[in-house]
Amino acid sequence: MKYYAYYPGCSMEATGAPVETAIHAIAKPLDLEFIELEDWTCCGSSPYSGVDKFKAIGITARTLAQAEKTGLDLVTPCSSCFTILHETNDLLKENHKLADRVRGALSEVGLTYNGTVRVRHVVEVLFNDLGPKTIAATVVRPLTGLKVACYHGCQQVRPSYGFDDSEYPDWLDKMAVALGAEPVNFPLKARCCGSSLVISEPDTAIELIYRLLQNAADNGAQAMITTTCPLCHLALDGYQASVNRKYKTKFHIPALAISQAIAFALGLDFKTSGLNGNITSPQKLLEPFMATQSRSTEVKIPAA
Amino acid sequence: MSENVHMTFMDEVAALPACDKINECIQCGVCSGSCSTAERWEYPPRKVIAMVRAGMKDELLKSNSIWFCVSCYLCTARCPRDIKPANIVHGLESMALKEGYKPPTTTTTMYRSFAGSITEYGRVYEFGFMLKYFLKTNPFAALKMLPLAISLFTHGRMPLTAKPVKGREQLTKIISKMSEGGVR
């Protein structure tokens, strides 16, 4: 069993719920334990750093300090949380004046941070700590022949915090292959979904989402396999109807977060895989693969 | 509007966290060429940096530029001088809001509603902060969002009540202490 300090991030309690459900569903069969940080608070994301950079750093530091107490790697499924936590962690090591200010603020609430936390992304953990081979060995319901566009998004791979490539990454593609699927060429796989502006500048964001869906469709994708980022997943899954209305398109490209795709391939049922929470329903697309019987969560992993 | 008359606009920006390399910009334009939304910026990223260095504070912070940044970090990953344009842009955003600039965008209101949710509950309560944003800007725009909101609700993805966490008390103290050091 591998243990991690887990930071879900605010969206996982709402719009990201289906992705989150699947993460918890696959953890046990894959021998991972995500231990949620007690009483965690928001990382601030980009909006807070746009309101007040210093306060934003202070609130992110609280999470780092909490995680340090556990002695475990800090893992988050949200790419925005990942970047903010990583960036703040680096800043506190490089900028001593800032680190002093943060130390003062944390001491007000009885916390300290010594800069020892390693910030990681769920996708990176799945790829590096398990790996496609181990994942492949657990598959009982392969997605044979399913053509997928693998969407990595922005903040998982950029600025550049330990992923393979900041422009054309392929870890999700390799994991999709492990599940039996066929990744298609997807040039926009690490381009922006516009989530951060989807409320205040919907035209801008919906145009970016449209470009992604069109690019996936042009390359023959029947579905998308996305990062675990709840914002990316919501953009691609939830906003398809908005794109269709605005651009008079007829996209129906189910977006499965990698956690959901793995859950399904492990033989877990629709509800346990969080798939019934998807707005662009994958039911019809996945039905042909359901012939393989669902089974309980007990999966034996062979040695890597 | 600058609170410190002895500092140039560029000094002020360079003093913000992760913005210290701004003077190493060679104006190559890779940031503008990479930007996911450049066509919507009144002054695209390369010009933003040039304007900071030229001291054109009012002109820049009154414009819609910077507010279209979607934090995709393409500029930052590609910058040959590693000046971190995305961080500079967020630094400029926080400077504009603190100093009372009123750029022509409602993203400022969205950011404030988002931040308000953090201080009130300790976490971002998605439904609440969006509602607040729409009520403050254009309640009719919320109607456009209604089909998706209903869909999210029926799929169990849009709780209608906030769940304040205990940690918000610590956050309040941290935030107040962090603001004591001034803007730099």
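So that the names make sense, note that chain A is the first sequence line, chain B the second, and so on, each numbered from 1. Heavy-atom basis, side chains included; hydrogens, waters and symmetry copies ignored. All values derive from a computational prediction rather than experimental measurement.
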Atom group of V157(A) that falls short of 4.5 Å from chain B, counting heavy atoms: neither
Nearest heavy atoms of V51(A) and R112(B), plus distance in Å: CG2-N, 4.2 Å
Atom group of D90(A) that falls short of 4.5 Å from chain B, counting heavy atoms: neither
Criterion side-chain contact (heavy atoms from CB on, under 4.5 Å) on I279(A) and L148(B), from CA distance to verdict: CA-CA 9 Å; I279(A) 288 168; L148(B) 177 59; 4.1 Å; yes
Pairwise distance CD1(I174(B)) to CG(L111(A)) - rounded to 0.5 angstrom: 6.0 Å
Leading residue by heavy atom contact count with chain B [cutoff under 4.5 Å; candidates D52(A), L208(A), T204(A)]: T204(A)
Whether K53(A) side chain and N87(B) backbone form a donor-acceptor pair below 3.5 Å: yes
Exercise: identify the closest heavy-atom pair between R123(B) and C42(A): CA-CB, 4.0 Å
Heavy atoms from other residues, nucleotides or ligands near CZ of F153(B) exceed 12 (cutoff 6.0 Å): no
T119(B), part contacting chain A, at a heavy-atom distance under 4.5 Å: side chain
Region of S80(A) in contact with chain B, defined by heavy-atom distances below 4.5 Å: neither
Most contacts with chain A, counted as non-hydrogen pairs under 4.5 angstrom, among S176(B), C72(B), S113(B), A77(B): C72(B)
Straight-line distance of Y73(B) OH to Q156(A) CD, nearest 0.5 Å: 15.0 Å
Per-residue contact mode, I118(B) against chain A (heavy atom under 4.5 angstrom): side chain
Interface residues of residues 20-30 of chain B facing chain A - non-hydrogen atoms under 4.5 Å apart: none
Exam field: side chain R62(A) to backbone L171(B), donor-acceptor pair closer than 3.5 Å: no
For the student: nearest non-hydrogen atoms of E126(B) and T15(A), plus distance: OE1-OG1, 2.9 Å
Residue selection (most heavy-atom pairs with chain B, distance under 4.5 Å) from S196(A), P159(A), G58(A), C192(A): P159(A)
Nearest-0.5 Å distance, CG of residue L197(A) to SG of residue C69(B): 8.0 Å
Chain B contact via S160(A) - side chain, backbone, both or neither, heavy atoms under 4.5 Å: neither
Rounded distance (nearest 0.5 Å) linking atom OG of S71(B) with atom CD1 of I84(A): 7.5 Å
Residue selection (most heavy-atom pairs with chain B, distance under 4.5 Å) from P18(A), C154(A), P47(A): P47(A)
Pair Q170(B)-T41(A), side-chain donor/acceptor within less than 3.5 Å: no
Residue selection (most heavy-atom pairs with chain B, distance under 4.5 Å) from A17(A), G50(A), G9(A): G50(A)
Run the side-chain donor-acceptor check on residues 158-169 of chain B: report pairs under 3.5 Å with partners two or more places apart or on a different chain.
| unit_1 | atom_1 | unit_2 | atom_2 | d |
| --- | --- | --- | --- | --- |
| R168(B) | NE | E120(B) | O | 3.4 |
| R168(B) | NH1 | V165(B) | O | 3.1 |

S36(B) side chain to R191(A) side chain, donor-acceptor N/O pair below 3.5 angstrom: no
Segment of T37(B) engaging chain A (4.5 angstrom heavy-atom cut-off): side chain
Choice from L92(B), L74(B), T154(B), T109(B) maximising heavy atom contacts with chain A below 4.5 Å: L74(B)
Among the listed options T105(B), V89(B), T106(B), the residue most often paired with chain A at heavy-atom distances under 4.5 Å: T106(B)
Contacting region of Q66(A) [heavy-atom separation from chain B under 4.5 Å]: neither
Worked check of side-chain contact (heavy atoms from CB on, under 4.5 Å) between I175(B) and Y48(A): CA-CA 11 Å; I175(B) 288 167; Y48(A) 206 106; 3.4 Å; yes
Side chain, backbone, both or neither of I66(B) within contact of chain A (heavy atoms, under 4.5 Å): neither
Spacing of CZ belonging to R158(A) relative to SG belonging to C75(B), to within rounding of 0.5 Å: 9.0 Å
Neighbours of chain A found in residues 129-140 of chain B - heavy atoms under 4.5 Å: M130(B), Y133(B), F134(B)
side-chain hydrogen bond (donor to acceptor under 3.5 Å, both in side chains) pairs, two or more places apart, involving residues 237-246 of chain A: D237(A)-R157(B), N244(A)-T249(A)
Ion pair check, E167(A) and R78(B), cut-off under 4.0 Å: yes
Closest non-hydrogen atom pair, F54(A) against P17(B): CZ-CD, 3.6 Å
Which atoms of E38(A) approach chain B - backbone, side chain, both or neither, heavy atom under 4.5 Å: neither
Contacting region of L98(A) [heavy-atom separation from chain B under 4.5 Å]: side chain
Contact origin within I199(A) toward chain B - heavy atom pairs under 4.5 Å: both
Interchain contact, T76(B) with chain A, by part (heavy-atom threshold 4.5 Å): side chain
Gap between atom OG of S200(A) and atom CZ of F114(B) - 0.5 Å precision: 11.5 Å
E108(A) side chain to K177(B) backbone, donor-acceptor under 3.5 Å: no
